[in-house]
Protein chains: 2
Amino acid sequence: MKEKKEFRDDLKLCGLKNTKRRAAILEILEKSDQPLAAEQVFSELQNKGMPINLSTVYRTLEILAEKNLAIKLNITGENRTLFEYNEQVHRHHLICLECKKILTIKNCPLNGYEKSLAKETNYSIAGHKLDVYGYCPECNQKGKGQ
Amino acid sequence: MKEKKEFRDDLKLCGLKNTKRRAAILEILEKSDQPLAAEQVFSELQNKGMPINLSTVYRTLEILAEKNLAIKLNITGENRTLFEYNEQVHRHHLICLECKKILTIKNCPLNGYEKSLAKETNYSIAGHKLDVYGYCPECNQKGKGQ
DNA sequence: ATACTTATTGCAAATAATTTGCATTTGCAT
DNA sequence: ATGCAAATGCAAATTATTTGCAATAAGTAT
């Protein structure tokens, strides 16, 4: 968990003005264990009693992603764009096909692969995105998985 | 490239009626080297002089994906859902961040990883999705990459 | 071939997600 | 404090996708 002032600094460092809405959105993303859609961020703000417009949320999330403070995510089966806090650490997702819960995987099985792919395809590789799909233990127990 | 009759058979085997629109959509997906959005499939049909309604395209793509004749794709940066023909072979994508071209990668660097992840997380793993992002040789030359 | 049943399609309208223009407000450097 | 650019609110526009229902076409049995 980060301190509030850290969010301010993060914004400043990116050349963004520090506004209460932006800092609040960044904090919501950081505190969430799940990537969130604009609408979800919006209602969390409402719950906290912070008046904000949905367009502002969209615009803010977009700019946070642009500045690399957040990561934009499009997962199969979700028709909305999700955003997560950028921990600045390479990570992947394990998504439950039943309950849609997203688990973060911190170690990456692809070290070295990018280099060999670059050689093979002549592309310059910028990064990759790996999502694994399956059924979480809870949903498995309910007999819906498999 | 598949024969037209093969598309008919594929549909029948899935318990779907063989209609000219469905077979045409399946053929368009199969012929395309890129995953396509509903809108794109729609205009290809128009160009071919086949009258069709956009809702039909959406419905058809959805049902094709459900029957595993097509694969549904949500890639970062594309706000529309894309569909590609299901070659029934495991594959990944290499996406150019500049021109958005999608290259299919047929060998998978993740053999074995799913098993170890299953053990580690207690999930049952159904599959995974790996997208690699980078710049294609052409865009690199234009000096926009890197 | 004809008739029948049901899935498929068209159409128009609804919904959901996201974006935009513009007037107002706020952050921040001076 | 003052001023300017960036950020926000608001309403309206776009874009993507879905849905209800009537018309049509596919597959099956006759």
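Because the structure is predicted, anything quoted here is derived from the model rather than measured. Throughout, a chain's letter reflects where its sequence line sits, starting with A, and its residues are numbered from 1.
In this structure, the separation between CD1 on B:I95 and CD on B:Q34 is 9.5 Å, given to the nearest 0.5 Å. Separating the CD1 atom in B:I125 from the CG atom in A:L97 is a distance of 9.5 Å, to the nearest 0.5 Å. A distance of 10.5 Å separates CZ in A:R8 from CD in A:E3, rounded to the nearest 0.5 Å. To the nearest 0.5 Å, the span separating CD1 on B:I28 from OG on B:S43 amounts to 8.5 Å.
For the OP1/OP2 pair of D:dT17 and a distance below 4.0 Å, the side-chain nitrogens and oxygens of B:T81 include at least one atom meeting the criterion. Put simply, A:Y58 has a side-chain N or O that comes within less than 4.0 Å of OP1 or OP2 on C:dT18.
Residues B:L69 and B:F7 have side chains not in contact (no heavy-atom distance under 4.5 Å, counting atoms from C-beta outward).
What separates CG of A:L82 from C1' of C:dA17 is a distance of 12 Å, to the nearest Å. Distance A:I25 CD1 to D:dA7 C1': 11 Å, rounded to the nearest Å. Remark: P of C:dT8 and CG of B:L61 are 14 Å apart, rounded to the nearest angstrom. Between the CD atom of A:E62 and the C1' atom of C:dT20 there is a distance of 13 Å, rounded to whole Å.
The partner of C:dT30 is D:dA1, by the rule that a Watson-Crick or G-U pair needs both atom distances under 3.5 Å.
Listed here is the closest heavy atom pair of B:I52 and B:F42: O-CE1, 3.2 Å. The minimum heavy-atom distance between A:N74 and B:G77, with the atom names listed, is OD1-N, 3.9 Å. Residues B:T121 and A:P137 come closest through the heavy atom pair O-CG, 4.0 Å.
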Hey, mind stepping through B:H128 and B:H92 against ring-ring contact (aromatic ring centres under 6.0 Å, His included) and telling me if it holds? CA-CA 9 Å; B:H128 64 258; B:H92 298 304; 5.1 Å; yes
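Near DNA chain D, meaning a heavy atom under 4.0 Å away, the residues from residues 29-53 of chain A are A:P51, A:I52, A:N53. Looking at residues 67-80 of chain B, you'll see that no heavy atom sits under 4.0 Å from any atom of DNA chain C.
Summary of the strand contacts: A:R22 and B:L54 both lie near DNA chain D, and taking for each the nucleotide with the nearest heavy atom, the more 5' one is attributed to A:R22.
Minimum atom distance to the side chain of B:T56 is reached by C:dG10, of the listed C:dG10, D:dT8, C:dT8.
Contact check on A:E138 versus A:K101 returns a salt bridge, with a Lys/Arg side-chain nitrogen under 4.0 Å from an Asp/Glu carboxylate oxygen.
Of the possible donor and acceptor atoms, none in the side chain of B:R21 sits under 3.5 Å from a partner among the backbone N and O of B:V57.
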I'd like to compare against my own output: the B/S/- annotation of nucleotides 20-30 of chain D with a strict under-4.0 Å heavy-atom distance to protein. B-----BS---
